[in-house]
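All remarks here apply to the structure that follows.
In what follows, every chain begins at residue 1, and chains take the letters A, B, ... in the order their sequences are listed.
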Amino acid sequence: MTKELIKGNEAVIKAALLAGCKSFYGYPITPASEIAEAAAKYFPLAGGTFLQAESEVASINMVYGAASVGERTMTASSGPGLSLMQEGISYLAGSELPCVIVDIMRGGPGLGNIAPEQSDYHQIVKGGGHGNYHTIVLAPNSCQEMCDLTLLAFEMADRFRNPAIVLADGFIGQMMEPVEFPTKAIEPEPKSWAVRGDAETRKNLITSIYISAEELEQHVLKLEKKYLQANSREEMYELYRTDDADLVVVGYGIVSRILKAAVDQAREQGIRVGLFRPITLWPFPYRELSVLAQWAEQFLVVELSNGQMIEDVRLAIEGERPVRFYSRVGGMVPTTEELLRQIIKASEEKDVRANLSKTQEFLWAV
Amino acid sequence: MYAQTFQRPRSFYGQFDRKPGDHLTTHYCPGCGHGNIHKIVAEAIDDFGAQDRTVFVSPVGCSVFAYYYFDVGNLQVAHGRAPAVATAVKRALPDSLVISYQGDGDLAAIGGNEILHAANRGEDITVIFVNNAIYGMTGGQMAPTSLIGMKTTTTPMGRVVANDGFPVRVAELLSTLEGPTYIERVALYDNKTRAKARKAIRKALQNQIEGRGFSLVEVLSPCPTGWGVTPVDSLKWIEENMLPNFPLGVFKDKSAEREHRTHRRQAIAIQDVPGILGLNGNAGNERSAGILAGGPRTSCPPNVDYRLKIAGFGGQGLLFLGRLLAEAGMRQNLHVSWLPSYGPEMRGGTANCHVNISTTEIGSPLVSAPTVLIAMNKPSLDKFENEVVGGGLIIYDSSLIDHPPARSDVEVIALPATEMADKIGSAKSANMVALGALIGKTNMLDKDALLHVVRSMTKKVALLDLNLRAVESGFEFARANAAEESLWGV
Ligand SMILES: Cc1ncc(C[n+]2csc(CCOP(=O)(O)OP(=O)(O)O)c2C)c(N)n1
Ligand code: SF4
C-alpha cells in the first residue's frame, strides 16, 4: 500500500496523468495555482503538454481543441476564472466534448478573497453558460477524493461526451493528507468521433452550430436524453448515521467533514442526527434525500455560501419537512463546536415553525 | 470542353451536403471574397497532398460554415478563439496541418488576446485573416478594421476617431513580436493581387508543413453586401479605400532561418507514468521503498488526538515542521492533515499551519482550538495563545519572545530554540529543536520513526546532521524539563 502525503491540488494532477490525460491548459489563480504548477512539472515528463494560457478564456478553448482531437485534457481555476470559462464550457457541452475542469472555490463576488467558500455552486451546478446543457459535477471532501473523483471525472466525461467539473474549495485544494494512488495508469479508449488529422477521421466534424431550428431542437433533445440517463443512474452520496435520524444535516465538500464531527459529538449527547453528503452535485441525489424525509423530521443545510445548494435540498424535500439553513461566508469556516450548537438548537426547538421571523420562514421554504 | 477548365480542388466538396437547403451553391453572397480564399486554400492543401492531415478551425463569422465546403477535418469554435483551439490541436497532432481561418471582428476585436499570444508563442499554425473592414455575419456593424468615416450599422454617421479609434493594422502590429515567422498582407481585387495572395497563402501553409512556425496572411477581401456596393465595385473599393490604410507587402519573414518550431511531446509509454509520478517502488522513490510501514508505535500511547497550530515568521521552516509531523504520523498509520495559511497572508512575513494527528478520522483540517501551540515569534504567541484549549500545551521560542504566555491553565515550555540551534550550528534549525521538544514532551510519535522522516525529507545533505542533532537537543531539553518538574512535584 503506497500512501503519499500530498496536497489536494497536486493529487488532482497525479490522478489526471494516471487517467491518461495528455494536456493541461491553465492560468494561475489562488487557491488553485498548485494544480497548474504540478501540471507544469509532471505533464511534460509524462509525455503530455502543459501550457500556461493567456487567460481562462484561452485555457478553456485550448481544452476545446485538445478534446476535439480525442485526447483527455483538463484545466483548473477558481471562481473568477470559471466565470470567464463559461462560454467555452457551453461550447464544449454543445459540441459534446469531454474534458475535466477543476474549480477550487474562493470567496466572492468580484475579487472577493482567496479563502475557501462554496459560492460557485450556482455557476457550476446550474450551468453558468448559455443554452440547454448540464455539466457533471463531483464534490470531493478529502485529498483522497481529489484523486478518486478526478479519475471518475475523466471516465464520466468520456462516457457522456460532456465536460465534468471537480468542485472543491480552498481548504481541500491547499491541505495535505495521505492519498493512496492507483499504481497503474489508464490508456483511454480511442474516440471514433474525434478529428485527428488523418484519413479515417477526415469526415468528422466538431460543432455546436445547428442553424436550422429543426436540427437544433433534435440536437438539444439528444443532449437532454443523455442528461436524463445521467440523472437516473449516476448520483453518488454518503449517508452517515441517518438510519434513525430525526434531524439530517446536509453539506458537501469541506463542510461535510466538519458536520460529521459535529454529528458524532451530538450523538454522544443523545441527539438523533445524521449526515447526508451529496458527492455528485449534478446529477443531484434528489431521490435519496427525499427518502430520508420519510422519517427525518427536519433538515439542516450548512454551506459556505448564502444559500445555493439549499435550493436543491428543498426541491428534494418538496416541502414535506422544514429545511433549516446555516452558513458562513467570506472565508469564514464554521468550527465543529459551532455546528454542534446549530444541531442542538435545531433538535431543541420541537415545534420548529414557532417563533420564526418572516425571513427565516422564507428561508425554510415550508 | 469548357467544363474541364475549372477543376474542383479535391479538398473542397463538390456538393455541400452539410448545408441545409440547396447543396450546390455556397452560402456566401455574390462577389464575396471568402469563396475565392477558400479555393486558394483548398488548392494549396491538394498540392501539398495534405487533405488527410488538415484540421480546419473556423470560429464565428460568415465563414463559420467552412465545414460545408472543406473536405478535411473540421472544428467549428467560439468567436475569436480559433488560435487557442488551433494551439491545442497542433500540440496534440504535431504532424497535422492546422488552419485558423478568421474574420477581422473575430481576430482583431474579440479574439485580440488569443491571436496575440499564439503569435507570440510562435505556434506552428497557419492563420488566414480575412479583413473585410466590417462585421459581415451580423449584418454590417463596425469592425476594428473599418475605415475612418466608414458608414456601418453601428457607425451611422461614419467611423469617428474620437469615439471609435483608428483602424487596426494587424499585420504590422503582430510583426513587432519576435514570435511570428511570416506575416504578409495581400488583397483580392485583380488577377495580379490574386496571384500574390495565392503565393502568400501557399507559403504560409508550406511553412507549417516544414515546421517553421507561426505564419499569418492578412487578406483584404471584398464584402459587397456589408459595404453596400456591387461585386464589381467592391474590387475598386478595396483598391481605393482599403489600400491607403492597409498597405500590401511582407511585414515579417524569417521562414528561411526558422526550423523545428513544432512542439513534440516526449514518447512515454503509459505503463511508465506511475513511475514518473513516483508511485511505484522501482523508480528509486525512497518514500515508497518500504519505509512507510513506520514500525509499531510501541513506545507511544495507543490513542492520540492532537490538533496543532504552528506559527512564526515566514522562513523559519514552520510549514516544513508541520509537514514532518504529518508525514511521520501518516507513516505510523495515524490519520493526519496539514493545512497552511496561504496566499497574500504569507507575504506579511508570518506563516502558520494547522496539523491534525489522530487515531480517529479527521473532521475539519482547520485547527480552531489547538491542543498544542508552537509559537516561534511574539506576534504568533499573542495572536494564538488564547485559542489553546484548557490543559493544552504551549511551546514558545524563549530566545525570541521575552515574556511567557499569560495563560495559567495550560502547560508551557519556554524553549530557547533559536539559541540552542545556533549553538548546534545554525539558527535555521530552531524549527527542528521545537519538533524534538514536542516529541520529548508529548511522546505523540515514535522518535526513531520521526528521525527517519527527518532523514528522508531533508533535501540538503549538509543540513541533515544539523537537523538530526537539533531534534535530539530539543527532545533532551523537554525530557530534562519534565524530570525537573516531577522533582518539584515531590
Ligand atoms: C461571444 C460572441 N459575441 C458576439 C457574437 C456575434 N457575432 C458573430 S460573427 C460576429 C462578427 C463577425 O465579423 P468578422 O469576424 O469580421 O467576420 P465576417 O462575418 O465579416 O466574415 C459577431 C459579432 C458571437 N457569435 N459570439
Ligand atoms: S456579408 Fe460579406 S463577408 Fe459575409 S458572405 Fe456576404 S459578402 Fe461575404
Side-chain angles (χ1 to χ4, degrees), chain A residues 2-5 14 17-18 20 22-23 25 30-31 42 44-49 53-55 57-58 61-62 64-66 68-69 71 87-88 91 114 171 174-178 181 183-185 187 195-199 201-202 204-209 211-212 257-258 260-261 333 335-336, chain B residues 18 20 51-55 64 67 71-78 81 84-89 91-93 95-97 113-114 116-117 263 265-268 270-271 273-274 276-280 287-288 292 323 326-327 330 336-340 342-344 362-366 368-369:
Chain A
T2 308
K3 266 192 189 169
E4 185 178 348
L5 184 70
K14 291 199 173 186
L17 287 166
L18 291 172
K22 278 289 185 193
S23 50
Y25 298 99
T30 312
Y42 288 118
L45 290 176
T49 295
E54 55 271 27
S55 72
V57 173
N61 283 284
M62 288 171 179
Y64 186 101
S68 295
V69 311
E71 71 181 21
E87 183 203 28
Y91 269 77
I114 58 169
F171 273 2
Q174 290 296 323
M175 69 196 261
M176 279 181 139
E177 281 183 323
F181 288 98
T183 47
K184 274 213 174 79
E187 182 86 76
V195 171
R196 294 202 50 84
D198 56 20
T201 66
R202 197 181 84 210
N204 286 353
L205 165 66
I206 304 293
T207 188
S208 65
I209 188 172
I211 202 73
S212 90
R257 295 172 56 140
I258 312 172
K260 201 177 207 175
V333 178
T335 63
T336 313
Chain B
R18 284 172 171 162
Q51 182 182 17
D52 287 338
R53 283 200 281 148
T54 301
V55 178
V64 68
Y67 64 83
D71 184 2
V72 299
N74 276 288
L75 312 183
Q76 179 275 312
V77 309
R81 318 303 174 200
V85 177
T87 293
V89 172
R91 297 288 179 117
L93 309 171
D95 294 316
S96 60
L97 181 65
N113 205 26
E114 283 75 20
L116 182 74
H117 289 277
H263 292 271
R265 293 170 179 168
Q266 276 198 71
I268 300 285
I270 190 84
Q271 63 268 23
V273 169
I276 289 162
L277 301 176
L279 296 177
N280 55 18
R287 274 192 199 190
S288 335
L292 265 175
R323 281 187 53 195
E327 177 83 26
M330 177 184 75
V336 300
S337 72
W338 173 93
L339 178 74
Y342 60 86
I362 289 157
S364 179
L366 184 80
S368 45

*From B:Ile276 atom CD1 to A:Leu17 atom CG, the distance as rounded to the nearest 0.5 Å*: 8.5 Å

*Looking only at heavy atoms, which two atoms of A:Asn61 and B:Ala84 are closest? And how far apart?*
CB-CB, 4.0 Å

_Looking at every heavy atom in both A:Val69 and B:Ala92, which two are closest together, and how far apart are they?_
CG2-CB, 3.6 Å

*Take B:Val273 and A:Tyr42, measure what side chain to side chain contact (heavy atoms under 4.5 Å, CB included) needs, and give me the verdict at the end.*
CA-CA 9 Å; B:Val273 169; A:Tyr42 288 118; over 6 Å; no

*At a heavy-atom separation under 4.5 Å, does A:Glu187 approach chain B through its side chain, its backbone, both, or neither?*
both

*asked:* Between A:Val195, A:Leu205, A:Thr207, A:Thr183, who has the most heavy-atom pairs with chain B when the cutoff is under 4.5 Å?
replied: A:Leu205

*Side-chain contact test, heavy atoms from C-beta onward, threshold under 4.5 Å: evaluate it for B:Val85 versus A:Tyr91 and give yes or no.*
no

*Below 4.5 Å from any heavy atom of chain B, which atoms of A:Glu87 appear? Answer side chain, backbone, both or neither.*
side chain

*What part of B:Ala267 is in contact with chain A, defined as an atom under 4.5 angstrom from a non-hydrogen atom: side chain, backbone, both or neither?*
neither

*Any side-chain heavy atom of A:Glu177 sitting closer than 4.5 Å to one from B:Val336?*
no

_Reported CG-to-CH2 distance for the pair A:Leu5 and B:Trp338, which is rounded to 0.5 angstrom_ = 8.5 Å

*Does any heavy atom of chain A fall under 4.5 Å from the side chain of B:Leu75, the backbone, both, or neither of them?*
both

_Nearest heavy-atom neighbours spanning B:Gln76 and A:Ser208_ = OE1-N, 3.0 Å

*Could you tell me which portion of B:Leu97 (side chain, backbone, both or neither) has an atom closer than 4.5 angstrom to a non-hydrogen atom of chain A?*
neither

_Would you say that A:Leu18 contacts B:Leu279 through its side chain, given a criterion of any heavy-atom pair below 4.5 Å between the two side chains?_
yes

*asked:* Could you check whether any side-chain heavy atom of B:Ser364 comes within less than 4.5 Å of a side-chain heavy atom of A:Arg257, counting everything from C-beta outward?
replied: no

*By a 4.5 Å heavy-atom criterion (distance strictly below it), what part of A:Pro44 contacts chain B: side chain, backbone, both, or neither?*
backbone

_Using only atom types and a distance under 3.5 Å, with no angle test, would you say the side chain of B:Arg81 pairs donor to acceptor with the backbone of A:Ala58?_
no

*chain B: which of A:Ser68, A:Ala53, A:Ser212, A:Ser23 shares the most heavy-atom pairs with it under 4.5 Å?*
A:Ser68

*Walk me through it: do A:Asp198 and B:Arg53 pass the test side chain to side chain contact (heavy atoms under 4.5 Å, CB included)?*
CA-CA 5 Å; A:Asp198 56 20; B:Arg53 283 200 281 148; over 6 Å; no

_As an exercise: rank B:Ser96, B:Pro20, B:Pro365 by heavy-atom pairs under 4.5 Å with chain A and give me the winner._
B:Pro365

*asked:* Out of A:Ala261, A:Pro178, A:Ala66, A:Gly20, return the one with the most heavy atom pairs under 4.5 angstrom to chain B.
replied: A:Pro178

*Would you say B:Val64 and A:Ile209 make side-chain contact, with heavy atoms under 4.5 Å?*
yes

_Residue pair A:Thr49 / B:Arg265, side-chain donor-acceptor N/O under 3.5 Å_ = yes

*Start with the C-alpha gap between A:Tyr25 and B:Arg91, add the side-chain angles, then the distance that decides, and say whether side chain to side chain contact (heavy atoms under 4.5 Å, CB included) holds.*
CA-CA 11 Å; A:Tyr25 298 99; B:Arg91 297 288 179 117; 3.7 Å; yes

*Report yes or no: does A:Lys14 contribute a side-chain atom to a donor-acceptor pair with the main-chain N or O of B:Leu277 at less than 3.5 Å?*
yes

*Less than 4.5 Å apart, any side-chain heavy atom of A:Ser55 and any of B:Glu114?*
yes

*Rounded to the nearest 0.5 Å, how far apart are CG of B:Asp95 and CZ of A:Arg196?*
11.0 Å

*chain B interface, residue from A:Met176, A:Met62, A:Lys184, A:Lys260 that has the most non-hydrogen pairs under 4.5 Å*: A:Met176

*Taking every heavy-atom pair that is under 4.5 Å apart, which of B:Thr54, B:Val89, B:Asn113, B:Ile362 has the most such pairs with chain A?*
B:Asn113

*Quick one: are B:Leu116 and A:Glu54 in side-chain contact, heavy atoms under 4.5 Å?*
no

